[in-house]
Amino acid sequence: MINDEIELNMMHALEVMDNRLTSIRAGRANPAILNGIMVEYYGTPTPIQTLANITVPEARTLMIKPFDKSCVKDIVKAIQEANIGINPSDNGEAVILTIPQLTEDTRKDYVKQAKEIAEDTKVALRKVRQEANEDIKKDEEITEDEEKRMLDEVQKLINEYNKKVDEKYKEKEEELMKV
């Protein structure tokens, strides 16, 4: 009943964390770095993924092949304006992004970003716990023993999800620091 809703909220917080972590590039090509980039297509901001096929022909290269070749220049412009640290080039039919090798300082900055994302997720989890605890305490129909048991269950859930956040952060840190 109430635990299902709490767990759904915690799972949602982890999904948000995953999405944010994939946007941090790790020195190899990942189409997720293009998430959120909008291309001005016939006067309408359009996600780059809906305008083109994005492939990874080599470990550090992304190829963006638009369905409509007339928007190649618009895609290049959108990537430059997005300021993702990669300079696009085009051959008239496709846009090519060569992912530069990460420096040690850049890697450390990305690890800091990942740590901030992990901390934000833990804050979101604590907020879910706080709301759940308040709901449990407000419910007049619950006995004291039942209330204590439910509060303990919520705490077990938060511990479990905090552990998952730490594991995901550690994975990303190892991925970023691997040369």
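FYI, the numbering just counts along the sequence from 1.
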For the residue pair K164 and Y161, would you count it as a cation-pi contact if the rule is NZ or CZ under 6.0 angstrom from the ring centre and within 45 degrees of the ring axis? yes
Determine whether more than 12 heavy atoms belonging to other residues, nucleotides or ligands lie under 6.0 Å from atom CD of E144. no
Which value, rounded to the nearest 0.5 Å, describes the distance between [X] atom [atom1] and [Y] atom [atom2]?
X	Y	atom1	atom2	answer
E7	D4	CD	CG	7.5 Å
E171	D166	CD	CG	11.5 Å
Q130	D135	CD	CG	11.0 Å
E15	D18	CD	CG	7.5 Å
T121	E116	OG1	CD	11.5 Å
I54	K65	CD1	NZ	13.5 Å

Close side-chain approach of [X] and [Y], heavy atoms under 4.5 Å:
X	Y	value
E119	K122	yes
E167	K163	yes
I142	D139	yes
R20	D120	yes
E40	D74	no
K148	D152	yes
T103	T106	yes
V165	L14	yes

Would you name the heavy atoms of [X] and [Y] that are closest together and state the gap between them?
X	Y	result
Y169	A118	CB-CB, 4.0 Å
A78	M38	CB-O, 3.4 Å
M63	A94	CG-CB, 4.0 Å
R107	L176	NH1-O, 2.6 Å
E104	M177	OE2-CE, 3.3 Å
A52	F67	N-CE1, 3.5 Å

For S70, give me all partners under side-chain hydrogen bond (donor to acceptor under 3.5 Å, both in side chains), at least two apart in sequence or on another chain. D68
Would you check, one step at a time, whether the test side-chain contact (heavy atoms from CB on, under 4.5 Å) holds for I48 with I79? CA-CA 9 Å; I48 199 166; I79 292 170; 4.0 Å; yes
Scan V72, L97, I64, L62 and name whichever one has a side chain to side chain contact (heavy atoms under 4.5 Å, CB included) with P88. L97
side-chain contact (heavy atoms from CB on, under 4.5 Å) between I86 and I33: does it pass, once the steps are laid out? CA-CA 10 Å; I86 303 168; I33 64 172; 3.4 Å; yes
Trace of the side-chain contact (heavy atoms from CB on, under 4.5 Å) decision for K77 with K73: CA-CA 6 Å; K77 182 181 175 196; K73 297 286 185 216; over 6 Å; no
Presence of salt bridge, E173 and K170, under 4.0 angstrom: yes
Following the transitive rule for hydrophobic clusters with a side-chain heavy-atom cut-off under 4.5 Å over Ile, Leu, Val, Met, Phe, Trp and Tyr, establish whether V56 and I75 coincide in one cluster. yes
Hey, any chance M17 and M11 share a hydrophobic cluster, counting ILVMFWY side chains that come within less than 4.5 Å of each other, even indirectly? yes
Could you tell me whether the side chains of Q155 and N133 share a donor-acceptor contact shorter than 3.5 Å? no
Would you please test I96 and N91 for side-chain contact (heavy atoms from CB on, under 4.5 Å) and show each step? CA-CA 8 Å; I96 296 140; N91 60 11; 4.1 Å; yes
